[in-house]
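As the structure is a computational prediction, the values presented were derived from the model and not from experiment.
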Amino acid sequence: MATANENYFIYADPRKCLGCKNCEIACALAHANCDLTTAVTRGLKLKPRNSVVQVGGMVMPIQCRQCEDAPCAHACPTGAIYQEDKFVRINEGNCIGCKVCTMVCPFGAIIIAQEEKDEGNRRTKNGKARKCDLCYSRKQDNKEVSCACVEACPTKAIMLVDYESYRKKLIEERGKELVRAYSVIKA
């Protein structure tokens, strides 16, 4: 497990993703604080904070990248989205459901979840911004980042990575590709 000192985010490898949606189910259960049996018997409407999408012939989960200079936090008119300890957080109580954050997120990782409420004789729908929070509620106790979606992925297509390690790995892989390309040209 990783400690929460660095800028972590979820990386998904579309070459390994099956589109099984185990990550969505695990996310929804983690945030509902229950298991699948309890959710089904109580008839709970589970709400994942990630989504599996299909683009062309590839399938992959979309999650918040915990941007270092998060455009959603800058655009939020009420301050409901903010950065704390290198995590992008949402205070749903301050969210007015204006959808500005969804428009500026470069990864399409924020959704507006509609919540029905009974107010006397009428029902109202209030939208609240939701996104991956790296299972923040799970990490508070032991200070380790342990994401339900990562644990649930059967092919290990989803990984928790820190930005610096991810960047170094990309540079190494690009270097190897350049060496291979050079050797092909030279031969």
Side-chain angles (χ1 to χ4, degrees), residues 7-14 17-36 39-40 42-56 58-119 123-140 145-153 157-161 163:
N7 191 23
Y8 284 92
F9 63 94
I10 300 292
Y11 171 78
D13 185 346
C17 182
L18 300 173
C20 67
K21 300 192 179 223
N22 278 0
C23 57
E24 282 187 14
I25 295 167
C27 175
L29 291 171
H31 287 88
N33 264 344
C34 67
D35 61 17
L36 188 56
V40 170
R42 290 186 185 167
L44 298 177
K45 290 183 180 180
L46 298 176
K47 299 172 185 167
R49 293 167 186 244
N50 60 349
S51 60
V52 177
V53 297
Q54 182 171 354
V55 179
M58 299 179 95
V59 182
M60 69 181 286
I62 302 296
Q63 284 144 313
C64 178
R65 294 292 189 116
Q66 307 296 331
C67 300
E68 191 171 323
D69 193 24
C72 57
H74 291 292
C76 182
T78 64
I81 301 178
Y82 60 98
Q83 290 186 270
E84 176 183 81
D85 297 329
K86 297 192 178 188
F87 291 97
V88 179
R89 306 249 182 266
I90 297 178
N91 178 341
E92 289 184 22
N94 291 347
C95 180
I96 57 174
C98 68
K99 301 181 184 173
V100 171
C101 55
T102 64
M103 292 185 264
V104 299
C105 177
F107 301 103
I110 301 175
I111 60 166
I112 303 298
Q114 297 296 322
E115 294 185 351
E116 287 192 27
K117 294 182 180 180
D118 273 329
E119 292 183 358
R123 288 182 161 236
T124 62
K125 284 189 177 183
N126 294 349
K128 299 290 181 183
R130 289 217 172 107
K131 62 168 209 59
C132 173
D133 63 358
L134 297 178
C135 292
Y136 183 72
S137 59
R138 292 176 60 175
K139 91 163 191 62
Q140 288 177 336
V145 179
S146 170
C147 299
C149 60
V150 173
E151 294 170 5
C153 183
I158 305 173
M159 298 169 278
L160 180 66
V161 297
Y163 178 74

Colleague: Does any non-hydrogen side-chain atom of Pro61 lie less than 4.5 Å from one of Ile158?
Modeller: yes
Colleague: Not counting sequence neighbours, which residues clear side chain to side chain donor-acceptor pair (under 3.5 Å) with Asn91? List them please.
Modeller: none
Colleague: Between Lys128 and Cys95 (side chain of the first, backbone of the second, donor and acceptor by atom type, cut-off under 3.5 Å), is there such a pair?
Modeller: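 Looks like yes, one N/O pair under 3.5 Å.
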Colleague: Nearest 0.5 angstrom please: Cys27 SG to Asp133 CG, how far?
Modeller: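 Reported to 0.5 Å precision, the distance equals 7.5 Å.
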Colleague: Hey, does Phe9 have a side-chain heavy atom less than 4.5 Å from the side chain of Val161?
Modeller: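 Yes, at least one pair of side-chain atoms sits under 4.5 Å.
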Colleague: Can you check whether Glu24 reaches Asn50 side chain to side chain, under 4.5 Å on heavy atoms?
Modeller: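 The answer is yes, as the side chains (C-beta and beyond) meet within the 4.5 Å cut-off.
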Colleague: Report yes if the side chains of Cys34 and Leu29 come closer than 4.5 Å at any heavy-atom pair, otherwise no.
Modeller: yes
Colleague: In Å and rounded to the nearest 0.5 Å, what is the CD1 to CZ distance from Ile81 to Arg89?
Modeller: 12.5 Å
Colleague: Is any side-chain heavy atom of Leu134 closer than 4.5 Å to one of Leu160?
Modeller: yes
Colleague: Are any side-chain N or O atoms of Gln83 and backbone N or O atoms of Cys67, one a donor and one an acceptor, separated by less than 3.5 Å?
Modeller: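 A pair under 3.5 Å: yes.
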Colleague: Using side chain to side chain contact (heavy atoms under 4.5 Å, CB included) as the criterion, list what pairs up with Ala28, not counting sequence neighbours.
Modeller: Leu46, Pro48
Colleague: As an exercise, state the distance from SG of Cys23 to CD of Gln63, rounded to the nearest 0.5 Å.
Modeller: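 Result: 6.0 Å between the selected atoms.
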Colleague: Identify the two heavy atoms, one from Val104 and one from Ala75, that lie closest to each other, and give their separation to 0.1 Å.
Modeller: CG2-CB, 3.8 Å
Colleague: Give a yes or no answer on whether the side chain of Gln66 reaches the backbone of Cys132 with a donor-acceptor pair at less than 3.5 Å.
Modeller: yes
Colleague: Does atom CD (Glu68) have a neighbourhood of more than 12 heavy atoms from anything else shown, all under 6.0 Å?
Modeller: no
Colleague: Going by the rule salt bridge (charged side-chain N to carboxylate O under 4.0 Å, His left out), which residues pair with Arg65 if we only count those two or more places apart in sequence or in a different chain?
Modeller: none
Colleague: Can you name the nearest heavy-atom pair linking Cys135 to Ala30, along with the distance?
Modeller: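 Looking at all heavy atoms of both residues, the shortest contact is SG-CB, 4.4 Å.
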Colleague: Write down the atom of Val52, the atom of Gly19, and the distance for their closest heavy-atom approach.
Modeller: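 Shortest heavy-atom contact: CG1-CA, 4.1 Å.
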Colleague: Taking only residues two or more places apart in sequence, or in another chain, which ones meet Glu92 in a salt bridge (charged side-chain N to carboxylate O under 4.0 Å, His left out)?
Modeller: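 So Glu92 forms a salt bridge (charged side-chain N to carboxylate O under 4.0 Å, His left out) with Arg49, Arg130.
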Colleague: Could you report the tightest heavy-atom contact between Ile112 and Cys101, atom names first, then the distance?
Modeller: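 It is CD1-SG, 4.4 Å.
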Colleague: Once rounded to the nearest 0.5 Å, what's the spacing between atom CE of Met60 and atom OH of Tyr11?
Modeller: 7.0 Å
Colleague: What's the separation between atom NZ in Lys99 and atom CD1 in Ile110, rounded to the nearest 0.5 Å?
Modeller: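 That separation rounds to 13.0 Å.
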Colleague: List the residues meeting side chain to side chain contact (heavy atoms under 4.5 Å, CB included) with Cys98, not counting sequence neighbours, and say none if there are none.
Modeller: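 Partners of Cys98 by the side chain to side chain contact (heavy atoms under 4.5 Å, CB included) criterion, ordered by chain and then number, come out as Pro77, Ile96, Val100.
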Colleague: Taking side chain to side chain contact (heavy atoms under 4.5 Å, CB included) as the definition, give me every residue that meets it alongside Val40, ordered by chain and number, with sequence neighbours left out.
Modeller: Leu36
